[in-house]
Amino acid sequence: MKNIRNFCIIAHIDHGKSTLADRLLEFTNTIQVTEGQMLDDMDLEKERGITIKSHAIQMEYTYKGEKYILNLIDTPGHVDFSYEVSRSIAACEGALLVVDASQGVQAQTISNLYMALEHDLEIIPVMNKCDMASAMPEEVEDEIIDLLGCKREDIIRASGKTGMGVEDILAAVIERVPHPVGDDQAPLQALIFDSVFNSFRGIIAYFKIENGVIRKGDKVKFFNTGKEYDADEIGVLKMDMMPRNELRTGDVGYIISGIKTSREVKVGDTITHIARPCEKAIAGFEEVKPMVFAGVYPIEAEDYENLRASLEKLQLNDASLTFQPESSLALGFGFRCGFLGLLHMEIVQERLDREFDMNVITTVPNVSYMVYDKQGHANEVHNPGGMPDPTLIDHIEEPYIDATVITATDYIGPIMTLCLGKRGELVRQNYVSGNRVEIHYRMPLGEIVIDFYDKLKSISKGYASFDYHQSGFRPSKLVKLDILLNGESVDALSTLTHVDNAYDLGKRMCEKLKELIPRQQFDIAIQAAIGAKIISRETIKAVRKDVTAKCYGGDVSRKRKLLEKQKRGKKRMKQIGNVEVPQKAFLAVLKLD
Ligand code: GDP
Ligand code: MG
């Protein structure tokens, strides 16, 4: 135990966490030459530069003549996955806090740091990207000192690009991070901090042993789910899985035990022995609950079963994705999917498209609401269409978040205007350093789900970072805004909105849909309504569209090409009554200016 160090790297997105991790792995000869970033093995992750699923990897390193085992536990950097971050952090004794020398401290730097401090982790500040011409080492060091109350010499200057500082980082991990503590003789208590799906081996769960010893073949129990398994294989994680016969207190490893779906393994759960169980589970276990919901519908009705099969497969390795069948008058049969957040939703959509070739329509995302009836019963509603009749509703509550924005002082004005427009209440504001300020807001999650990130980015020219955590439900005056096409209400276009915003939203929705729905051979009336009351209207004028008209009948192959093109153009359209509506239109509310 004395020569083990368990640590993670925490950073705001793009501050160089993965790159630095690669350098550590190279320097310790854990991996040889790198092609891109070794820790992110999903294509999608690489493209987005986001480590979606956390991983753990073991390095061996000799320092001052002694051999050490360094377990690097990678944490996802995005708010949608903050529960996973908190579990990975709980498995560590120390953290490298990486700050980009050209960007300084950002919103996720702070939120991840707070999480690490909550778990009493030893923090090693690392200023990365020192090779960059735009680095401002003194200013950023001042910020770090303000944030941590550390000494200037505690901060390691590094570069994931040139390898500068890597040796110092390893030395600091060994010198400053405490070794794990625990009791080898006590009943087994191992924290599951992550799991992955492997199509040959089933689910592989990653754990850290807090107390006790686990041996291959042991009969084990997962504390919170109550499920029992045989430890068919246990081992440590290098670039590959390395089976072992025994793992002891302080070790980080994996277990394979015939688990078929990720739903059986809950991150945060405790593994113990059936014969000699621990008394208590490791604290902090939470059931993760999806917070953002959207309808996902096949373009072609006959793809419904395929879509179900695809979602089931996705769920095997993504336990936080939920789905249940729903039907829409407009879109037919589909599923209401639950996601951790907007990024998670985008990832699922993209994976459906890439890995399963599923052509789907996604409806506007919404949050989950608590609807109280006159008898005082609460009902959770995930879909505007599922709202009960207004006369039966006593009141509605919606989820709120505590949001942190860090930005340059120049942008405070526009950002406050934006937050106010999103029904935000200013909680407090403090200066991070000379010209940067940290603003705290309490706002409805439902407002963030709709185009908040994009707006924040554009009004701050990218100089604002954002993070949030949930802060419970609060009563709210919400109404359902319906959209009618040629007099027919399109359920998939309904949204729930605050009563004060309903008129404005209705007007802008109608205008946007007028832009997005192509002209057809008849007039199309677009109306917004609250209950029976029409609050806005636009008309799309008819057009006679004959794509082959300009071909004079002569060139047959050209004519065919045009027809094919038109057919392809139609693919992502949905016939609603007699109106063809493109996918874009279902997301119109996200694109309002
Ligand atoms: P992460 O989101 O924190 O994992 O960040 P990445 O490791 O993916 O890095 C984000 C971007 O910064 C990538 O384009 C890297 O190539 C680049 N980068 C990372 N570290 C350095 C560094 O030390 N110097 C320079 N110049 N670029 C870096
Ligand atoms: Mg990364």
Side-chain angles (χ1 to χ4, degrees), residues 7-27 30-31 33-57 59 72-82 84-85 88-89 92 95-113 115-116 123-141 143-144 147 155-170 172 194 341 343-344 346-347 406 453 457 462-467:
F7 72 105
C8 58
I9 307 181
I10 53 181
H12 189 74
I13 184 141
D14 280 346
H15 281 197
K17 194 179 72 165
S18 301
T19 312
L20 210 52
D22 282 350
R23 294 293 90 74
L24 295 177
L25 298 179
E26 273 176 4
F27 197 83
T30 313
I31 51 172
V33 192
T34 43
E35 271 289 336
Q37 300 179 343
M38 296 303 296
L39 285 190
D40 300 317
D41 53 18
M42 280 162 70
D43 271 1
L44 219 63
E45 288 188 48
K46 269 188 200 145
E47 266 170 48
R48 286 163 180 267
I50 297 166
T51 308
I52 296 163
K53 287 298 278 179
S54 22
H55 297 268
I57 192 157
M59 299 175 263
L72 168 58
I73 292 170
D74 197 20
T75 57
H78 192 272
V79 287
D80 284 3
F81 304 97
S82 69
E84 287 188 20
V85 181
S88 310
I89 283 177
C92 300
L96 301 175
L97 180 72
V98 172
V99 181
D100 184 325
S102 68
Q103 302 278 316
V105 169
Q106 296 293 340
Q108 287 157 35
T109 316
I110 295 184
S111 62
N112 285 325
L113 171 66
M115 236 189 268
I123 308 293
I124 300 172
V126 174
M127 188 166 55
N128 190 35
K129 305 201 190 182
C130 285
D131 62 283
M132 283 176 75
S134 55
M136 314 172 291
E138 278 77 28
E139 284 96 321
V140 173
E141 269 181 6
E143 285 181 17
I144 296 174
L147 185 66
I155 303 169
I156 301 172
R157 293 194 179 191
S159 163
K161 193 171 177 186
T162 66
M164 161 188 178
V166 167
E167 200 169 354
D168 298 336
I169 292 172
L170 290 166
D194 200 5
L343 176 80
H344 187 213
E346 274 178 44
I347 289 167
I406 295 188
Y453 289 112
K457 235 188 271 163
Y463 288 107
S465 59
F466 172 72
D467 199 13

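Worth knowing before you read on, the calculation uses all heavy atoms, side chains too, and leaves out hydrogens, waters and symmetry mates. Remember, it's 1-based here, ligands and their atoms both numbered in the order they're listed.
Checked by distance only, ligand 1 and L20 stay at 3.5 Å or farther apart across all their nitrogen or oxygen atoms. Inclusion of A158 in the set of residues having an N or O under 3.5 Å from an N or O of ligand 1 is not warranted.
Below 4.0 Å from some heavy atom of G160 lie the following atoms of ligand 1, by number and element: 22 (C), 23 (O). Residue contact check: M132 has heavy atoms under 4.0 Å from atoms 26 (N) of ligand 1.
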* To do: In sequence, state the C-alpha distance, the side-chain angles, and the governing distance for I155 and V99, and then conclude on side chain to side chain contact (heavy atoms under 4.5 Å, CB included).
  => CA-CA 10 Å; I155 303 169; V99 181; over 6 Å; no
* Applying side chain to side chain contact (heavy atoms under 4.5 Å, CB included), run through L147 and I110 and close with a yes or a no. => CA-CA 8 Å; L147 185 66; I110 295 184; 4.0 Å; yes
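Considering every non-hydrogen atom in both D131 and K161, the closest pair reads OD2-CD, 3.7 Å. Between A116 and I89, the closest heavy-atom pair is CA-CG2, 3.8 Å.
Within the 4.5 Å cutoff, no side-chain heavy atoms of Q103 are placed close to those of H12.
Taking only non-hydrogen atoms, the option from D100, D74, T19 nearest to atom 6 (P) of ligand 1 is T19.
Only side-chain heavy atoms of N128 come within less than 4.0 Å of ligand 1; its backbone N, CA, C and O stay farther off. Proximity of D131 to ligand 1, defined as any heavy-atom pair under 4.0 Å, is confined to the side chain (atoms from C-beta onward). If you look at A11 next to ligand 1, there are no close heavy atoms at all, none under 4.0 Å. Looking at H15 against ligand 1, only its backbone comes within 4.0 Å, counting heavy atoms.
Scanning for salt bridge (charged side-chain N to carboxylate O under 4.0 Å, His left out) contacts around E141 gives R152, R157, with sequence neighbours left out. For A101, the side-chain contact (heavy atoms from CB on, under 4.5 Å) partners two or more places apart in sequence, or in a different chain, are M127, C130, A135.
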